[in-house]
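We name chains A, B, ... by the order of the sequence lines, and we start the count at 1 in each one.
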Protein chains: 2
Amino acid sequence: MGRRRQSVTIKHVAADAGVSLQTVSRVINKEPNVRPAMKERVQASIDKLGYVPSIAAQRMSGSRSYLILAINDRDLTIADWRAREGRDWVDQMLLGGMLTCAKHGYRMLIELVDTHNDHVERELGAAIAALQPDGVILTPPHSENPLITGLLADRGIPFARIGSTHSGPGIAMTMGDTYNSRIATEHLLDLGHCRIGFIAGPKEFSLSDWRIAGWKEAMFAAKLDTDGLCERGDFGFDSGLVAARKLLDQPSPPTAIIASSDQMTFAVLQVARERGLKVPEDLSVISFDNSPIVRFTEPPLTAVDQPIAATASRAVELLIAARDEGIPDEPVRVRGELVVRGSTGPVPVRDGD
Amino acid sequence: MGRRRQSVTIKHVAADAGVSLQTVSRVINKEPNVRPAMKERVQASIDKLGYVPSIAAQRMSGSRSYLILAINDRDLTIADWRAREGRDWVDQMLLGGMLTCAKHGYRMLIELVDTHNDHVERELGAAIAALQPDGVILTPPHSENPLITGLLADRGIPFARIGSTHSGPGIAMTMGDTYNSRIATEHLLDLGHCRIGFIAGPKEFSLSDWRIAGWKEAMFAAKLDTDGLCERGDFGFDSGLVAARKLLDQPSPPTAIIASSDQMTFAVLQVARERGLKVPEDLSVISFDNSPIVRFTEPPLTAVDQPIAATASRAVELLIAARDEGIPDEPVRVRGELVVRGSTGPVPVRDGD
DNA sequence: TTGAAAGCGCTAACAC
DNA sequence: GTGTTAGCGCTTTCAA
């Protein structure tokens, strides 16, 4: 195989343009203090020779690595991939992240890290040491893992915490969970629903409670009661079954249910089917996530779309800008939207009312 | 921000262990000619200090970059991501590729390249120059683009051509299209079907014809006629409609149809619905791809599963091994399998027969 | 505004 | 078996 060397290096360009390496470097990095004529001459050589700087060399000499690391939970991600149930969280991150990276000459690299592991630090530390990324994007549940945020802060690497509003190091970002939950609730209120149940996610995720807050906000604004209308699940199907049954077993059951994940919403659908409740005639249902499959259920689900791509894109921009401009000290909010499909309808008229 | 330096370098380890840099390097790279006791001492220092080599530095010194580049078609990939229709081609590549990379201390990086572009070479050349990957995975339609394969061959970078059996540079790999198509056909033959239609992909993809070949093999083996039973589409829904109508408009229409993509299969389903044909009672249908959504149609589709993860994983292994062992000169086949669901059934008994 | 020198962290080549 | 030297391609000093 033989050792591979860069075919065109900064030296070739310098020789071709008849200038020093330094001048070429200045042109590459768009530094000031280069006479336009000089700049043009160097650029011409660059184009002629098809020169592209080696990021390894750039990184070596203490400059940027042009790498952004997107950290995802290993087990969750692999489980999703293997399940092949159409969840496209990773794809949406790539869509938003990669394209924005490309715009700035950066690359995005996905790294799977096991949160529930004693060696989180070792794992992440190794990735950092090996890759020397210029920025890191953390997704839940990593975003609020102090071992991880601490490590990154120590190393002085800019990072974004998606799904976290804590103050502290890094860029706090949310996908507008409170807002999203509120507009979902308002959609149901507009349809005349008064008893709106909510199936929340687990406490470990901050966003679980933000979503509850959005729902309560809307309910309180409409002067409606929320007692007994909130159950918790773990985002999974089975937990959704339990929660849905609890909600619908009440003497005065909800006429609409918002569930904090697609899987839990599927569970609501199943429980409704078991009890002969038609969706949306007897029960309206709204899902969170809006992953591809929600269009293939019967009926297709009205769902809160998580703006994953937009958030990843914004994160990349902020991370790249962090070098020169620092990071915002307020949480950055990227709002989602409600996609109305067939699972929500007017409140049913109750027999005997 | 200040320039970030590696916190623990090979020097620290060398100093801690009281040996030369070279010895540490030898231990890292598992080279022979290091006395076990020495090796142990060095390893102890590595562990103690939590040392991880910088891949930038490794790459700089003419060694490996520990990077594998997976090239995908830009437009197709972005369109899939935006459409959010659950196609998980990229995820499956990551699943197979990333995990196998990780096993060997490599990383996989996705790069989007526009095939139908004059600057393919410039685009890919830039990625190569910037990243200096140790290997490249090409997917259709890049796999058979001579501009791309030529460039890679020139640069001496090992690469895998998925979906290509051409001889020539690089590792030719297939996902067993002929075989897959044959077993799909045989499944239908076992169910008693004799008139089995086939909707192929476009000529630009070699695999289109391999699939036709597999279907014909099975049909010929069963001494059945294939005349007028093969139409071509472009993998898209609309082309599937046209093809399905042509097939079903015949005086003696097929009782089963195999379509070369999920979208074209959906089209078959729709045409069947239009004509009041029940699936699978009146018409059996088999899809290629087995992307997540095929489980959500009515009925769920019997489908040929493309072993994307397994192929990516194998590609990574071969690419990493290429450095020391060279590449296989025969095409590497990774076989898919037929996933039987609800869209295939016994041949219908025709009225009046 | 430009250039020269030093060094980033590591490995290949060679010496011992 | 182990150490020494030189150099990868680039950017950061600093000098002119």
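- Checking dG9(D), dC10(C), dT11(C) against the side-chain heavy atoms of M60(A) singles out dG9(D) as nearest.
- The side chain of S63(A) approaches dT12(D) more closely than any other nucleotide in the set dT2(D), dG9(C), dT12(D).
- In this structure, NZ of K11(A) is placed 14 Å from P of dT11(D), rounded to the nearest angstrom.
- One atom, CD1 of I55(B), and another, P of dT11(C), lie 12 Å apart when rounded to the nearest Å.
- An OP1 or OP2 oxygen of dC10(C) is reached within less than 4.0 angstrom by no side-chain nitrogen or oxygen of S54(B).
- Taking atom CG of N29(B) as the reference point, atom P of dC10(C) lies 11 Å away to the nearest angstrom.
- Residues L21(B) and I10(B) share a closest heavy-atom pair of O-CD1, 3.6 Å.
- Ion pairing between R107(A) and E111(B) holds under the 4.0 Å rule for side-chain N and carboxylate O.
- Across all strands, Q22(B) comes closer than 4.0 Å to base atoms (heavy-atom distances).
- Q58(A) has its CD atom 14 Å from the C1' atom of dC8(D), to the nearest Å.
- Comparing atom distances between the A57(B) side chain and each of dG3(D), dT11(D), dC10(C) picks out dC10(C) as nearest.
- Residues from residues 32-43 of chain B placing a heavy atom under 4.0 Å of any atom in DNA chain C do not occur.
- Between M93(A) and A312(A) the shortest heavy-atom distance is O-CB, 3.7 Å.
- Within the 4.5 Å cutoff, no side-chain heavy atoms of D134(B) are placed close to those of L319(B).
- Using a 4.0 Å cut-off, some side-chain N or O of T23(B) falls inside it from OP1 or OP2 of dG3(D).
- Within the structure, every side-chain polar atom (N or O) of Y66(B) is placed at least 4.0 Å from both OP1 and OP2 of dC10(C).
- Rounded to whole Å, atom C1' of dG9(D) lies 15 Å from atom CG of L49(A).
- Between E144(A) and S164(A), the side chains place a donor N or O and an acceptor N or O closer than 3.5 Å (distance only, hydrogens not considered).
- Proximity note for R26(B) (side chain, C-beta onward) versus dT11(C), dG9(D), dA13(C): the nearest is dA13(C).
- We find that K48(A) and D16(A) are joined by a salt bridge, their nearest charged nitrogen and carboxylate oxygen being less than 4.0 Å apart.
- You'll find the side chain of L94(A) reaches within 4.5 Å of the side chain of I110(A), heavy atoms only.
- Closest approach to the I10(A) side chain among dG9(D), dT4(D), dC10(C) is made by dG9(D) (side chain taken as heavy atoms from C-beta onward).
- Between the P atom of dG9(D) and the OH atom of Y51(A) lies a distance of 10 Å, rounded to the nearest Å.
- Between the CG atom of L21(B) and the P atom of dC8(C) there is a distance of 12 Å, given to the nearest Å.
- When rounded to the nearest whole Å, the span between CD1 of I28(A) and P of dT11(D) equals 5 Å.
- When each of S7(A) and E31(A) is assigned the nucleotide of DNA chain D bearing its nearest heavy atom, the one mapping closer to the 5' terminus is S7(A).
- Listed pair S61(B) / dC8(D) fails the phosphate criterion, with no side-chain N or O lying under 4.0 Å from OP1 or OP2.
- The two residues I68(B) and Y106(B) make their nearest non-hydrogen contact at CG1-CD2, 3.9 Å.
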